[in-house]
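Worksheet: the structure to be examined is printed underneath.
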2 protein chains.
Amino acid sequence: MANGSRAIRPQSSVWLSERKPPRRKADQQPVGLDRLKIVAATIRLLDAEGLAGFSMRRLAAELGVTAMSVYWYVDTKDHLLELALDAAMGEIVLPIEAVAPAKARVVSPPASQPASQRAARPAEAHAHLPAEPRDWRDQLRQLAEESRKVLVRHPWLSPLMGDYLNIGPNAMVFTNAAQEVMRNSGLPVEKLSSALALVTHFVFGFSTLEGRFAVSCREEGIAQDELLQEVMTTVKDRPDFDGTREMFAAQGEISVEEMRDRDFTFALDITIAGIEALRDAAPRDAASQDPPERA
Amino acid sequence: MANGSRAIRPQSSVWLSERKPPRRKADQQPVGLDRLKIVAATIRLLDAEGLAGFSMRRLAAELGVTAMSVYWYVDTKDHLLELALDAAMGEIVLPIEAVAPAKARVVSPPASQPASQRAARPAEAHAHLPAEPRDWRDQLRQLAEESRKVLVRHPWLSPLMGDYLNIGPNAMVFTNAAQEVMRNSGLPVEKLSSALALVTHFVFGFSTLEGRFAVSCREEGIAQDELLQEVMTTVKDRPDFDGTREMFAAQGEISVEEMRDRDFTFALDITIAGIEALRDAAPRDAASQDPPERA
DNA sequence: ACCTGAACACCGTTCAAGT
DNA sequence: ACCTGAACACCGTTCAAGT
């Protein structure tokens with residue numbers, strides 16, 4: 001089994017199985033382990049060694065405990081990963097007040113997040129506190145950028161998002177916020193899910209690659225620009241590489257990070273411009289129509 | 001090791017290690033196994049049992065051979081998966097003649113592809129044959145739709161695309177075709193990679209979810225609409241589900257597949273409209289500018 | 001209620017050996 | 001040149017047992 005193939009069914013989700021009763025009977029002192037600690041250690045390990053390097057036995061060792069102890073708090077490796085997934089999603093700083101009960105949010109402990117992160121984030125409850133509601137375009141950009149940050153910070157997140165239903169409390173809050181933002185765009189309701197899909201999938205795919213690239217660099221102890229150079233030179237003798245080279249050349253002499261930031265924001269520019277264009281076009285009932293021609 | 005974490009480095013790619021010399025010495029009869037057969041069996045197994053269900057031992061059994069025989073033709077499981085990845089990418093029907101040498105394309109055998117597939121595809125060389133070059137918007141749509149088809153047909157493709165560099169011959173042909181299409185949009189060169197990223201990542205993410213959902217349904221022996229109903233009812237008592245429910249309701253009484261087709265094409269509508277809008281806007285040199293306001 | 005140890009059925013891969 | 005068999009160092013998880 002393991003992770004990878006068959007966990008999308010609702011029944012198989014942690015969030016739908018009844019909770020284990022709260023641990024720590026009143027008269028006995030807490031014995032050390034609990035779900036929060038386990039999830040925290042899980043995230044720490046995943047950050048440090050990646051999804052492929054993570055195992056239940058490794059986790060147990062990290063917790064100074066026998067391999068099977070963890071199984072008292074968690075039904076299965078899959079469920080544990082689902083918990084870690086949702087905890088990490090809680091790190092995304094949302095652009096608007098969420099509708100959902102904040103108490104439901106599972107918080108991943110500060111230990112797992114590098115203190116050097118530039119955005120000053122609240123120490124304990126990450127949450128969606130900031131800034132008054134502004135223009136939906138700004139909100140959308142912030143949503144995308146904050147998602148990107150978290151996805152890159154936890155490169156194991158992307159694969160897990162594909163593997164599980166992703167309906168934990170934090171994921172729900174996120175989804176609601178995203179929907180709210182989209183609703184503010186003025187797009188008709190039946191188009192909202194589509195526009196949302198465009199944005200979220202773009203951010204997801206983009207950040208997946210960015211994260212993986214960063215991991216490779218870290219593993220090799222090499223700067224991102226160096227690795228890019230290396231890849232380019234290894235591949236450049238291929239006969240079919242001209243187009244790609246030209247596209248790179250057109251970017252000028254900038255760092256990988258600059259290039260990526262440009263790409264990211266311009267892709268959002270396209271999305272926003274497209275939404276505005278179709279929103280302002282005469283409303284038609286079928287989405288399969290051609291978009292308005294302007295050239 | 002296994003698949004999952006550290007294969008993005010160019011040195012670790014099959015395509016960059018020197019090839020094993022061609023098998024089958026002239027005077028001895030072929031002994032049964034070869035790379036093509038192995039990759040074919042790999043794809044068949046991946047289709048049938050998913051990425052998590054695939055193992056070298058299982059593959060060897062399928063080939064009627066001892067576990068270690070495969071290792072004579074393939075250095076490692078990762079390399080084999082990389083071969084399968086590129087072979088599957090070759091199934092994507094491209095909208096335009098590719099620039100690259102067609103001989104390089106590795107073809108996955110007809111055995112692996114369901115005969116019931118509606119688009120009549122050439123029996124042996126999938127290739128990019130069809131239709132004369134048309135409007136770039138049509139080309140882009142076709143590129144997206146054909147990618148989607150293949151990604152859904154082989155649900156194990158998406159995770160692999162995230163795991164490997166993806167620079168095999170078929171991947172290169174695909175990339176070139178995609179770049180060519182984008183170039184036809186009239187967008188300035190330095191914006192091409194960005195627009196391309198938007199499209200490919202959207203298609204990738206969208207198809208990943210679609211494929212996973214289909215797999216779950218097949219495994220449970222249940223129709224897609226049933227499973228959706230099930231998920232909806234299991235989750236609907238959540239207090240924070242109102243927005244999602246409303247968005248679903250707005251779609252009217254249509255099947256999951258219809259809904260997805262709508263979403264997909266409308267997301268492309270947005271992308272295309274956005275590209276046209278920004279292309280026609282006054283050229284500015286920085287991409288970080290605000291898009292033109294129209295409301 | 002919580003944790004352990006041994007065991008089962010798997011992995012990918014190495015290595016020496018067969019033909 | 002091609003394939004085998006045994007072995008190593010791992011997995012996730014079950015199950016009976018300890019305290």
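As the structure is a computational prediction, the values presented were derived from the model and not from experiment. Order of the sequence lines fixes the chain letters, A, B, ..., with proteins taken first and strands second; residue numbering starts at 1 for each chain.
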- Message: Between P on dG12(C) and CG on Leu51(B), what's the gap in Å once rounded to a whole number?
- Response: 11 Å
- Query: For Gln229(A), which residues count as a side-chain contact (heavy atoms from CB on, under 4.5 Å) partner, sequence neighbours excluded?
  - Reply: Thr233(A)
Between the protein and nucleotides 4-6 of chain C, are there any N/O to N/O pairs under 3.5 Å, and if so, what are the atom names and distances?
unit_1	atom_1	unit_2	atom_2	d
dT4(C)	OP2	Thr66(A)	N	2.8
dT4(C)	OP2	Ser69(A)	OG	2.3

- Message: I'd like to know if the side chain of Glu82(B) reaches the main chain of Val14(B), judged simply by a donor and an acceptor atom lying under 3.5 Å from each other, with no hydrogens or angles considered.
- Response: yes
- Item | Value in whole Å for how far the C1' atom of dC11(C) lies from CG of Leu81(B) | 14 Å
- Task: Considering just the side-chain nitrogens and oxygens of Tyr73(A), establish if one lies under 4.0 Å of OP1 or OP2 belonging to dA1(C).
- Result: no
- Message: Please verify the inter-ring angle class for Phe202(B) with His201(A); under 30° counts as parallel, over 60° as perpendicular, anything in between as tilted.
- Response: tilted
- Listed partners of Ser69(B) passing side-chain contact (heavy atoms from CB on, under 4.5 Å), at least two apart: Leu33(B), Val65(B), Thr66(B)
- Taking atom C1' of dG12(C) as reference, at what distance in whole Å does atom CZ of Phe54(B) sit? 11 Å
- Query: Trp156(A) and Asp47(A): side-chain donor and acceptor closer than 3.5 Å?
  - Reply: yes
- Message: Any residue in residues 55-63 of chain B with a heavy atom nearer than 4.0 angstrom to DNA chain C? Just list them by number, or reply none.
- Response: Ser55(B), Met56(B), Arg57(B)
- Message: Please check this pair: side chain of Arg212(B) against backbone of Pro155(B), looking for a donor-acceptor N/O pair closer than 3.5 Å.
- Response: no
- Query: Once Watson-Crick and G-U wobble pairs under 3.5 Å are found, how is DNA chain D written in dot-bracket notation, 5' to 3', with | for any base paired to another strand?
  - Reply: ||.|||||...|||||.||
- dC2(D), dG12(D), dT13(C): which one has an atom nearest the side-chain heavy atoms of Trp72(B)? dC2(D)
- Query: Are Asp78(A) and Tyr164(A) linked by a side-chain donor-acceptor pair shorter than 3.5 Å?
  - Reply: yes
- Heavy-atom distance under 4.5 Å between the side chains of Ile38(A) and Arg35(A), does that happen here? no
- Message: We want to know whether Gln224(A) and Arg218(A) form a side-chain donor-acceptor pair, criterion being a heavy-atom distance below 3.5 angstrom.
- Response: no
- Name all residues meeting the side chain to side chain donor-acceptor pair (under 3.5 Å) criterion together with Thr42(A); count only those two or more places apart in sequence or in a different chain, and write none if there are none. none
- Item | Whole-Å gap separating P (dG12(C)) and CG (Asp75(B)) | 16 Å
- Query: Once you round it to whole Å, what is the distance between P of dC2(D) and CZ of Arg35(B)?
  - Reply: 13 Å
- Message: In this structure, how many angstroms lie between the P atom of dC2(D) and the CG atom of Asp34(B), rounded?
- Response: 10 Å
- With the threshold set at 4.0 Å, does a side-chain nitrogen-carboxylate oxygen contact exist between Glu146(A) and Lys149(A)? yes
- Item | dC2(D) OP1/OP2 closer than 4.0 Å to side-chain N/O of Tyr71(B) | no
- Note on the structure: Between CG of Asp78(B) and C1' of dG12(C) the distance, given in whole Å, is 10 Å
